[in-house]
4 protein chains.
Amino acid sequence: MARPEVSKEQRQAKREAILAAARDIFAEKGFHAAGIADIAAKLDVGHGTIYRYFENKLDIFLTLYDALNEELLRIARGTHPETATCVEDYITEMQKFYAEFGGVFLREISHMRIFFDEVHADPEIRRRFDVSQVEFQKATERFLLIGRDKGFVRPELHIPSAARILNAMILDAMRASVQKESASNNLLLLAMTVIEIFTKGALAKKA
Amino acid sequence: MARPEVSKEQRQAKREAILAAARDIFAEKGFHAAGIADIAAKLDVGHGTIYRYFENKLDIFLTLYDALNEELLRIARGTHPETATCVEDYITEMQKFYAEFGGVFLREISHMRIFFDEVHADPEIRRRFDVSQVEFQKATERFLLIGRDKGFVRPELHIPSAARILNAMILDAMRASVQKESASNNLLLLAMTVIEIFTKGALAKKA
Amino acid sequence: MARPEVSKEQRQAKREAILAAARDIFAEKGFHAAGIADIAAKLDVGHGTIYRYFENKLDIFLTLYDALNEELLRIARGTHPETATCVEDYITEMQKFYAEFGGVFLREISHMRIFFDEVHADPEIRRRFDVSQVEFQKATERFLLIGRDKGFVRPELHIPSAARILNAMILDAMRASVQKESASNNLLLLAMTVIEIFTKGALAKKA
Amino acid sequence: MARPEVSKEQRQAKREAILAAARDIFAEKGFHAAGIADIAAKLDVGHGTIYRYFENKLDIFLTLYDALNEELLRIARGTHPETATCVEDYITEMQKFYAEFGGVFLREISHMRIFFDEVHADPEIRRRFDVSQVEFQKATERFLLIGRDKGFVRPELHIPSAARILNAMILDAMRASVQKESASNNLLLLAMTVIEIFTKGALAKKA
DNA sequence: TATGAATGAGACTTCATTCAT
DNA sequence: GATGAATGAAGTCTCATTCAT
């Protein structure tokens with residue numbers, strides 16, 4: 001029986017070429033409208049070939065989705081509020097997180113559609129989205145809990161709710177930056193406003 | 001002669017029966033996966049019958065979408081921050097809005113998918129979603145501008161960004177209550193936390 | 001058992017109203033594209049009503065077709081070449097036929113589509129068209145045979161072929177007058193040219 | 001790499017197999033009644049296969065129509081009346097045309113329905129038919145004009161009308177040979193009679 | 001391994017006809 | 001008699017996936 005004619009590395013390289021092409025196609029057309037034929041055409045490869053590297057269309061999508069999701073999760077889990085010795089440090093840590101998270105967003109901006117839009121194209125995609133939301137929630141809760149333990153966060157705040165809300169603000173800021181048309185899609189301004197509201201609230205101080 | 005055999009009321013009743021069935025099907029399967037056949041089967045009528053009442057599948061969807069959207073917009077536009085004479089009144093007005101908005105959400109909880117998820121199933125749906133987002137944004141900006149004029153909202157806040165963020169918090173709170181699995185889907189708690197963060201921020205007062 | 005509530009006359013009047021409406025619709029859209037609903041709408045009558053007077057769509061069409069066909073056949077059979085005492089009379093008889101035949105065409109010009117275009121929309125229509133062609137052929141053969149017997153028509157001419165050809169020229173002249181766009185749709189000019197070619201041929205006399 | 005697996009020739013062969021099957025189906029049922037399913041069944045392939053080779057049903061039809069039309073037009077334009085030096089040559093040229101034109105008809109006899117009958121099945125078919133009729137008309141006018149210039153054709157003849165009539169005779173002669181039932185469907189006899197009538201007229205010479 | 005030809009389930013939509021009122 | 005609501009067969013077309021080469 002013949003040895004595999006291509007090495008593991010070559011196989012992996014091909015998989016990644018397919019993923020790269022698929023990412024563009026999904027970004028452009030969305031999951032449903034994107035066809036295996038489009039991906040194959042972009043690579044100048046027969047569409048049957050795709051099926052030698054991936055189960056099916058969903059498999060490709062989920063691979064892309066998982067990779068993006070993991071990168072974002074890694075960032076969310078990589079904050080270090082425990083090193084903060086004062087509120088200013090704590091806020092700085094939050095800003096650092098925003099900067100890193102936003103950096104990935106801006107890099108992947110044209111592909112974020114697979115993260116926001118196609119969530120419900122398939123039950124399995126939805127399931128993974130829901131799972132990852134829980135993970136993000138946990139990461140943010142951890143950030144807030146440490147802040148509370150250190151006395152930076154008001155103790156009466158309901159942490160799970162606050163975490164959820166903070167995440168919503170973050171994700172929406174990102175989402176806004178994806179929408180070219182929006183009048184308020186300045187990511188920096190949004191991020192600053194999120195932090196401002198989160199830290200100081202929107203209301204004026206009573207005199 | 002050539003008088004309608006069924007009254008306007010009967011016709012309207014049938015339309016609404018179709019809309020009700022369609023709403024369930026769309027909620028269960030999503031726009032793409034839902035078939036006219038599913039709707040017809042649920043009503044135990046021939047599929048041709050559906051086409052006597054609606055142009056096509058999209059027509060049904062948009063009718064449902066528009067109705068929901070209008071109801072939500074009416075609520076968003078129905079706030080009265082201009083009557084507030086003190087910050088407490090202003091906050092109360094916000095709470096009233098939350099209560100009304102949330103009421104619709106809880107009633108329509110199983111059908112909100114058509115509002116959030118199916119945005120990209122069709123260009124026309126997307127267009128209407130985008131338009132309505134702008135309207136929600138405007139309504140919230142108005143709320144904040146009046147608050148700023150009255151001295152309740154910090155003047156240095158960037159209103160469009162703040163409005164967007166506030167909307168994101170509101171919508172996410174609603175969205176959370178749709179997800180049965182979520183640990184933090186207590187709508188009341190979320191709403192209170194949103195208002196708390198929005199008014200006072202999350203950070204502890206310095207001693 | 002109740003006597004019929006409408007008289008035979010009333011029933012016949014309704015049938016004819018339906019036929020009149022159908023004729024317009026068929027002329028406008030053609031057999032396939034025309035819908036029973038169109039006919040009913042034109043009469044401001046329920047479409048079910050149509051079925052109380054005619055079997056189905058084809059039945060209506062065939063009734064119209066037969067009526068038109070019979071009128072044209074009656075004219076074709078109504079020529080009197082036997083009274084001609086000289087070639088000039090014979091030609092005059094042919095001209096009289098053309099005038100009468102053409103008169104019906106011009107009157108029915110907007111409905112001739114059912115005669116020319118819809119011949120093959122259904123096997124039964126085709127069958128009747130073929131049958132009527134045979135009848136037209138016979139009528140023309142009779143005209144030519146009498147002309148031959150009287151010495152007006154060249155004896156060596158193959159009468160069935162000549163009859164067929166003469167019919168083709170006649171029908172095409174009519175057809176041409178139906179086509180508005182055609183540059184050579186002057187019915188009079190065409191009719192005159194048909195007679196000229198038929199009587200004298202197209203070639204120049206040798207000097 | 002990405003080299004076609006089947007050669008251009010194989011692809012073309014398949015296209016032609018589909019065209020051949022479609023031609024039979026269209027001849028048998030007509031454009032409307034013919035289904036893609038019928039064509040696929042005749043070839044014993046899935047219906048999807050058809051769509052790999054043609055856009056849609058109309059595309060198949062138009063391909064057949066255009067091919068036939070072009071062949072006939074080429075013949076009509078290929079006459080050489082300008083080489084005739086006497087009337088006999090001119091008539092011979094007309095006979096040659098008839099022989100060639102009739103040959104195609106006899107070969108395609110069972111498929112001519114797509115040329116005559118289906119003209120009104122679709123606006124695009126009609127458009128092409130009308131265009132080609134103008135071309136046939138032009139070709140015949142040219143034949144007659146050259147004949148007139150050379151003194152073979154009577155100068156007082158209205159050429160566009162005569163061309164139209166001549167075409168009608170030709171086409172009807174062909175059409176006749178398609179109809180099995182007709183008593184006068186002997187193409188040779190018809191063609192001879194057309195030429196005889198066209199050249200000498202049908203009437204007897206006065207003594 | 002790579003290919004792309006073939007497949008056919010599945011979705012939408014139309015409209016002639018039936019029939020209960 | 002009249003109506004028009006309901007029906008569902010029929011037809012077109014798409015595209016993910018299989019598989020012989």
Side-chain angles (χ1 to χ4, degrees), chain A residues 2 4-6 10-11 14 32-41 43-60, chain B residues 1-6 10-11 14 32-40 43-59, chain C residues 2 4-6 10-11 14 32-41 43-60, chain D residues 1-6 10-11 14 32-40 43-59:
Chain A
E5 299 221 345
V6 289
Q10 280 173 305
R11 184 173 173 80
K14 194 113 193 185
H32 255 110
I36 288 287
D38 297 317
I39 299 168
L43 290 168
D44 199 23
V45 150
H47 32 292
T49 306
I50 308 281
Y51 286 89
R52 299 195 59 75
Y53 294 89
F54 294 93
E55 284 287 302
N56 50 39
K57 194 166 76 154
L58 184 59
D59 184 20
I60 301 173
Chain B
M1 219 169 310
R3 193 165 30 87
E5 288 241 328
V6 288
Q10 280 174 303
R11 186 176 171 79
K14 197 111 197 185
H32 259 114
I36 290 289
D38 297 317
I39 299 169
L43 290 167
D44 202 26
V45 295
H47 21 302
T49 305
I50 309 286
Y51 287 91
R52 292 186 51 72
Y53 295 89
F54 293 93
E55 286 281 307
N56 49 40
K57 195 167 72 154
L58 184 59
D59 183 22
Chain C
E5 299 221 345
V6 290
Q10 280 173 307
R11 185 172 172 80
K14 194 114 193 185
H32 256 110
I36 287 287
D38 298 317
I39 299 168
L43 290 167
D44 198 24
V45 150
H47 31 296
T49 307
I50 308 281
Y51 286 89
R52 300 195 58 75
Y53 294 89
F54 293 93
E55 282 287 301
N56 50 38
K57 194 165 77 154
L58 184 58
D59 183 21
I60 302 173
Chain D
M1 214 170 311
R3 191 167 32 87
E5 287 241 329
V6 287
Q10 279 174 303
R11 186 175 171 79
K14 196 110 197 185
H32 258 114
I36 290 290
D38 298 316
I39 299 168
L43 290 166
D44 202 26
V45 296
H47 23 302
T49 305
I50 308 286
Y51 287 92
R52 292 185 51 72
Y53 294 90
F54 294 93
E55 286 282 306
N56 51 39
K57 195 168 73 155
L58 185 58
D59 184 21

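A note on names: the letters A, B, ... follow the listed sequences, proteins ahead of strands, and every chain is numbered from 1.
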Where is the tightest heavy-atom contact between [X] and [Y], given as atom of each residue plus distance?
| X | Y | answer |
| --- | --- | --- |
| C:Arg52 | C:Arg11 | O-NH2, 2.9 Å |
| D:His32 | D:Lys57 | O-NZ, 3.5 Å |
| D:Ala40 | D:His47 | CB-CA, 3.7 Å |

Rounded to whole Å, how long is the line connecting atom [atom1] of [X] with atom [atom2] of [N]?
| X | N | atom1 | atom2 | answer |
| --- | --- | --- | --- | --- |
| B:Ile50 | E:dA11 | CD1 | C1' | 15 Å |
| A:His32 | F:dT14 | NE2 | P | 16 Å |
| C:Leu43 | F:dA2 | CG | P | 12 Å |
| B:Ile36 | E:dT14 | CD1 | P | 11 Å |
| B:Asp38 | E:dA11 | CG | P | 7 Å |
| A:Ile39 | F:dT17 | CD1 | C1' | 14 Å |
| C:Phe54 | E:dT18 | CZ | P | 16 Å |

Under 4.0 Å between any heavy atoms, over every strand shown, what does [X] touch: base, sugar-phosphate, or nothing? Just pick one.
| X | answer |
| --- | --- |
| D:Ala40 | nothing |
| B:Ala34 | sugar-phosphate |
| C:Ala33 | nothing |
| C:Gly48 | base |

Practice prompt. Specify the residue among D:Asp44 and C:Asn56 whose closest nucleotide of DNA chain E lies further upstream toward the 5′ end.
Written response: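 Its nucleotide being nearer the 5' end, the pick is D:Asp44.
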Give a yes/no answer on whether the side chain of [X] brings an N or O atom under 4.0 Å of OP1 or OP2 in [N].
| X | N | answer |
| --- | --- | --- |
| D:Thr49 | E:dA5 | no |
| A:Tyr53 | E:dA2 | yes |
| D:Arg52 | F:dT14 | no |
| A:Lys14 | E:dT1 | no |

Discussion item. For a 4.5 angstrom cut-off between non-hydrogen side-chain atoms, does A:Ile60 reach A:Tyr53?
Written reply: no
Item to complete: Compare all side-chain heavy atoms of B:Thr49 with those of B:Leu43 and state whether any distance is below 4.5 angstrom.
Response: no
Item to complete: State the pairing partner of E:dC19; accept Watson-Crick or G-U wobble contacts with both distances under 3.5 Å, and report none otherwise.
Response: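 For E:dC19, the partner nucleotide comes out as F:dG4, under the 3.5 Å rule.
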Worksheet item: Of the candidate nucleotides E:dT14, F:dT12, E:dA16, which contains the atom at the shortest distance from the side chain of B:Tyr51?
Response: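 That would be E:dT14.
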Worksheet item: Of all the choices, E:dA16, E:dT13, F:dT17, which nucleotide is nearest to the side chain of C:Lys57 once you look at every atom?
Response: E:dA16
Discussion item. Both C:His47 and B:Gly46 contact DNA chain F. Which one's nearest nucleotide lies toward the 5' end?
Written reply: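 Its nearest nucleotide lies further toward 5', so the answer is C:His47.
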